[in-house]
S.K.: 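Take this structure, written in structure tokens, and hold onto it; I'll ask about it next.
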Amino acid sequence: MSILTGNNGVLKIDDASGTPTAIAAVRNFTVDITTDTIETSSMGNDTRQYVKGMSSWSGSADIYFDPAEMPTSVSSGIVGLNPTLEAVGSDAYTVELYLNDTANKISGECIITGFSVNSTMDGMVEASISFQGSGAASYAAS
């Protein structure tokens, strides 16, 4: 029985050259993959019947905010670390979410839909990134 631990997980997002680049100081990430169902029940059926509809995926990540540890092209372009937040909602980027080291990867094209920073008096400055998949997500195990 294989059990994965998340302490070696990695989050990569495209840099300016289109190369997925690791985001430093990731605390956690989440990916949600869903499929709609379309009801096809008709009179005379005793139970509801469904067919598969459209699928979608989205996700989020929490990181310790440290611009010095973020790849320069990533911090200035994709998650809105620049003052204009221009990248939120811009063109699709490739995101790669490694569940443990280089094995067990979920990846796909996404649009960055949100970026927030949280600073508290007695804690680290943290940030949250949210993204919406554009197209299918893929899973690969090595």
Side-chain angles (χ1 to χ4, degrees), residues 1-42 45-142:
M1 179 167 106
S2 175
I3 298 176
L4 303 177
T5 60
N7 61 317
N8 289 322
V10 176
L11 167 64
K12 292 184 178 182
I13 303 177
D14 285 351
D15 65 11
S17 70
T19 303
T21 303
I23 303 298
V26 175
R27 298 195 21 88
N28 60 67
F29 59 78
T30 301
V31 175
D32 296 309
I33 302 171
T34 61
T35 299
D36 296 338
T37 56
I38 302 166
E39 185 173 355
T40 61
S41 305
S42 61
N45 292 335
D46 291 338
T47 59
R48 295 186 184 277
Q49 298 173 347
Y50 297 90
V51 296
K52 180 186 176 301
M54 303 213 29
S55 298
S56 65
W57 65 279
S58 61
S60 63
D62 295 321
I63 62 173
Y64 284 129
F65 180 77
D66 185 352
E69 290 188 10
M70 298 281 288
T72 303
S73 53
V74 171
S75 65
S76 65
I78 96 149
V79 292
L81 299 183
N82 54 11
T84 64
L85 298 177
E86 65 189 29
V88 173
S90 65
D91 293 337
Y93 294 92
T94 299
V95 64
E96 296 179 350
L97 302 133
Y98 293 86
L99 306 181
N100 60 332
D101 288 336
T102 59
N104 301 295
K105 172 179 78 169
I106 298 170
S107 61
E109 295 294 311
C110 70
I111 297 170
I112 304 299
T113 57
F115 178 76
S116 61
V117 178
N118 180 35
S119 177
T120 61
M121 179 183 71
D122 60 349
M124 304 295 292
V125 176
E126 298 183 37
S128 295
I129 303 166
S130 58
F131 47 90
Q132 173 64 54
S134 179
S138 64
Y139 174 77
S142 55

S.K.: Kindly compute the distance separating OG (Ser138) from CH2 (Trp57), expressed to the nearest 0.5 Å.
M.R.: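 Answer rounded to 0.5 Å: 8.5 Å.
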S.K.: Could you state the interatomic distance from OH (Tyr98) to CD1 (Ile106), rounded to the nearest 0.5 Å?
M.R.: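 With rounding to 0.5 Å, OH (Tyr98) is 12.0 Å from CD1 (Ile106).
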S.K.: Is Thr113 reaching over with its side chain to a backbone N or O of Ser130, donor-acceptor style, under 3.5 angstrom?
M.R.: yes
S.K.: Nearest 0.5 Å, please: how far is CG in Asn28 from OG in Ser60?
M.R.: 7.0 Å
S.K.: Can you name the closest pair of heavy atoms from Asp32 and Thr30 and give their distance?
M.R.: OD1-CG2, 3.9 Å
S.K.: side-chain contact (heavy atoms from CB on, under 4.5 Å), that's the test. Do Glu126 and Tyr64 meet it? Break it down for me.
M.R.: CA-CA 4 Å; Glu126 298 183 37; Tyr64 284 129; 3.8 Å; yes
S.K.: As an exercise, state the distance from CE of Met124 to CG of Asn118, rounded to the nearest 0.5 Å.
M.R.: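 So the gap between those two atoms works out to 12.5 Å.
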S.K.: What are the two closest non-hydrogen atoms of Ser41 and Arg48, and how far apart are they?
M.R.: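 Answer, listing the atom of Ser41 first, then Arg48: OG-CA, 3.0 Å.
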S.K.: Would you compute the distance between atom CG of Leu11 and atom CD1 of Ile63 and round it to the nearest 0.5 angstrom?
M.R.: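 It comes to 8.0 Å.
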S.K.: State, with a plain yes or no, whether a side-chain heavy atom of Leu99 is found less than 4.5 Å away from one of Phe29.
M.R.: yes
S.K.: For Val51, which of Thr37, Ile38, Asp36 qualifies under side-chain contact (heavy atoms from CB on, under 4.5 Å)?
M.R.: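 Passing option: Ile38.
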S.K.: Spell out, as yes or no, whether a donor-acceptor pair under 3.5 Å connects the side chain of Gln49 to the backbone of Glu39.
M.R.: no
S.K.: Atom OG1 in Thr40, atom OH in Tyr50: separation rounded to 0.5 Å?
M.R.: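 Answer for the OG1-OH pair, Thr40 versus Tyr50, is 9.0 Å.
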S.K.: Report yes if the side chains of Val117 and Val125 come closer than 4.5 Å at any heavy-atom pair, otherwise no.
M.R.: yes
